[in-house]
Protein chains: 2
Amino acid sequence: MLLNDRKLKILEAIITDYIENAEPIGSRTIAKKYNLGISPATIRNEMSDLEELGLIEQPHTSAGRIPSDKGYRLYVDNMMRSRELTGEETEFLKNAISFNVGQIDYIMQQTARALAMLTNYTTVITEPTSKKTVLKKIQLVSLDEQSVVAVIITEDKTVKNTVIRSTDVPEGDRLTKINARINSVITGVELEAIDKDNVARLLTDFPENRAFVTEVLKVAFKTVKSSENLRLYTSGAKNLLGFPEFSDIEKAKGIFRALDEKDLLITVLGDDNDSRDSVKIQIGDENNMEELKNCSIVKANYKVGNSSFGRIGIIGPTRMNYSQTVSVLSSIIRRINHIMADMEDGDNDE
Amino acid sequence: MLLNDRKLKILEAIITDYIENAEPIGSRTIAKKYNLGISPATIRNEMSDLEELGLIEQPHTSAGRIPSDKGYRLYVDNMMRSRELTGEETEFLKNAISFNVGQIDYIMQQTARALAMLTNYTTVITEPTSKKTVLKKIQLVSLDEQSVVAVIITEDKTVKNTVIRSTDVPEGDRLTKINARINSVITGVELEAIDKDNVARLLTDFPENRAFVTEVLKVAFKTVKSSENLRLYTSGAKNLLGFPEFSDIEKAKGIFRALDEKDLLITVLGDDNDSRDSVKIQIGDENNMEELKNCSIVKANYKVGNSSFGRIGIIGPTRMNYSQTVSVLSSIIRRINHIMADMEDGDNDE
DNA sequence: GTTAGCACTCTAAATAGTTGAGTGCTAACT
DNA sequence: AGTTAGCACTCAACTATTTAGAGTGCTAAC
């Protein structure tokens, strides 16, 4: 069956209308609202074909039609016009995100909030990770007799601090010395490629602080590598409650349960380290998650440095405003990449 | 009208039953389920009195009675038996919170999660703040040519880091020197009482890094003082969706909106720096927040050091299980205070 | 003071009737 | 051959209407 221009126009009308009103739409309404120059009867015939093609469906006889996942897919892939941000949107983003804070977790938090507010959907952001993580520096700061703060800084400018407690915590100059030695072993090398012999020598060089040094190394690895404590920034979960498709409390619970499951979210956001800043869309069932089958996800990777990626996903109902969401997200991604590249620029100072 | 023993027994039956079933309860059911040795008719008479006293109310004629806020208040103040934690609960808490991590924000996050899971309500925790904040140390770690990480450590062991960007960032030894001078001015003194002259001298001593030093001081103040970026740990908001009182999506939305408002939550948790580890309860309307009028809050302060307090609040429907919640919360508070005191012990090393 | 009995009230659930939006089909029209 | 008016048909959603039952308050007897 041929998908002629008229069919496409009708499909588009159904989709844009449903995105706006969340109500099934019938032939008569289409004829009245969208001037396609054909009668309701003709539209009915075409709709019948569209349904046969699986692009739209009927909740029940005597209801209008709504787009199917497949219909959205066609729309998103072939028909959707990318649109510019409005002045207001640009303005909002500019005010909402103060990039000069310079600290990744703040930026991420702000970005999540801004996207959630602007789109009125839910935003999830994962902090940047990298297959090959290179430590830039560890700074040990004495806290008290038994504890030290380890500030761990990676090449991609992530800063994390962890308190280390040990009975053999070194003090004063000795701490500085050990610190320097640890850095000399660990710095600028991929974590996987750290020289075992160097580590061994490090440990024998400071026999009285063996436990402490081991602990520092352990913590450094754990902090950097573990996806278990991969940070996740979520914002605007409650927005979803406003959509009629989730006014059934059971559905709402299902989604909130899903949004609480870090692992699930990470899976959904995917882990392809695609360096192009392309925006990807998963519609309804395509993500294979029962709880999210009424949701779509618009997602993209942002880049920090050369090998480090984080992910941003915007989650809304399947009838979400793809056009707006895509343009907002890609605009944000461009901004972030730009900023992160800037931060990277001052990076060759050692 | 006298509140004799029998009336109290009936009130208690109504409250415990309603807490469990969320359904109005009538005289016949009370007579059957709770062996008070009196007939439904007598119970009816007593209930009529209880209603007149404002302790219970009727959703409509021909429905049973439910407790009023005032009724809960009487129950909570005078009748509720404190109960021990069950073995399981103790076990759960022990496993859920690994205090040896030693870092306050992890502990808080874990605590919030644990409380939310154990009680099935929503938990909100504010990080510790102190009226008089004393800085313990600032450690500046060079990041690149234009930026430095400032790790700010307060006397109560809160560790925060902020990236500072400036065009006159000092390098190497000079950074260390400036760092030491800043510490000598700022350390161990209440923020409000820092010697202005010292600061002035500090600035003139390093004229080339004026902007940088100013920025460091500004950031230090801001990080420590601002309640604007007071951290808030929330967990289990979605739990509330499970309760029939919030199955109306509008009510659910209202509460979620409230839970998203940091300022409101901070107000609700209160700011009395009561040092006793007493648990306080706000029932329904008592908190004067329209959005939370169907909720109760069980809250308490935890203590870090001598002058620093944080707050934990557990938010549930007014018919929440006060007895369990109070015992769980006070047990947690004891644990935290204990741990935080431990962390404090190693503190007199300088 | 307590309780059985009973008339009364009012919600919640079940049932039936009505409306209207929307369809698919047929036959007539370009 | 494609388009459209006309019409019978379907079905959710709304509105009464009825029924059932849980619970009350009152009265009179115990």
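Throughout, a chain's letter reflects where its sequence line sits, starting with A, and its residues are numbered from 1.
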Visitor: Starting at CD1 of B:Ile14 and ending at P of D:dG23, how long is that distance when rounded to a whole Å?
Guide: 12 Å

Visitor: Please tell me whether B:Tyr18 and B:Tyr72 form a close aromatic pair, meaning their ring centres lie under 6.0 Å apart.
Guide: no

Visitor: Considering only NZ, NE, NH1 and NH2 on the basic side and carboxylate oxygens on the acidic side, decide whether B:Arg73 and B:Glu286 come within less than 4.0 Å.
Guide: yes

Visitor: What does C:dC8 pair with, Watson-Crick or G-U, if both distances are under 3.5 Å?
Guide: D:dG23

Visitor: Expressed as a whole number of angstroms, how long is the span from B:Gln58:CD to C:dT11:C1'?
Guide: 12 Å

Visitor: Return the nearest nucleotide to the side chain of A:Ile38; candidates are C:dA4, C:dC25, D:dT4.
Guide: D:dT4

Visitor: CG of A:Asp5 versus C1' of D:dG2: gap in Å, rounded?
Guide: 17 Å

Visitor: Please state how far atom CE in A:Met47 lies from atom P in D:dT4, giving the value in whole angstrom units.
Guide: 14 Å

Visitor: Tell me the interatomic distance from B:Ile43, atom CD1, to D:dC26, atom P, rounded to whole angstroms.
Guide: 18 Å

Visitor: For the pair made of CZ in A:Arg44 and P in D:dT4, what is the distance, rounded to whole Å?
Guide: 11 Å

Visitor: Which nucleotide, D:dT3, D:dG25, D:dT4, lies nearest any side-chain atom of A:Arg6?
Guide: D:dT3

Visitor: Is there a side-chain polar atom (N or O) of A:Ser27 under 4.0 Å from OP1 or OP2 of C:dT23?
Guide: yes

Visitor: In this structure, how many angstroms lie between the P atom of C:dT2 and the CG atom of B:Leu36, rounded?
Guide: 13 Å

Visitor: Can you tell me if A:Lys299 uses its side chain to pair, donor with acceptor, with the backbone of A:Val268 under 3.5 Å?
Guide: yes

Visitor: Given that B:Glu46 and B:His60 both sit by DNA chain C, which one's nearest nucleotide is further toward the 5' end?
Guide: B:Glu46

Visitor: By the definition salt bridge (Lys or Arg N to Asp or Glu O under 4.0 Å), identify the one residue from A:Glu51, A:Glu57, A:Glu46 that meets it with A:Arg65.
Guide: A:Glu51

Visitor: Partner of D:dA29 by Watson-Crick or G-U wobble geometry, both contacts under 3.5 Å, or none?
Guide: C:dT2

Visitor: Counting only side-chain nitrogens and oxygens, does B:Ser48 get under 4.0 Å of the OP1 or OP2 atom of D:dT24?
Guide: no

Visitor: Is the phosphate of D:dG25, meaning OP1 or OP2, less than 4.0 Å from a side-chain N or O of B:Arg65?
Guide: yes

Visitor: Please compare B:Ser62 and B:Asn45 by the position of their nearest nucleotide in DNA chain D and report the one closer to 5'.
Guide: B:Ser62

Visitor: Looking at the side chain of A:Thr42, which of D:dT3, D:dC26, C:dG22 is the nearest nucleotide?
Guide: D:dT3

Visitor: In whole angstrom, what separates B:Ile66's CD1 from D:dT24's C1'?
Guide: 16 Å

Visitor: Does any donor-acceptor pair link the side chain of A:Arg28 with the base of C:dG22 at a separation under 3.5 Å?
Guide: no

Visitor: Where the side chain of B:Thr126 meets the backbone of B:Leu232, is there a donor-acceptor pair that is under 3.5 Å apart?
Guide: no

Visitor: So, does B:Thr61 get its side chain near the phosphate of D:dG25, meaning an N or O under 4.0 Å from OP1 or OP2?
Guide: no

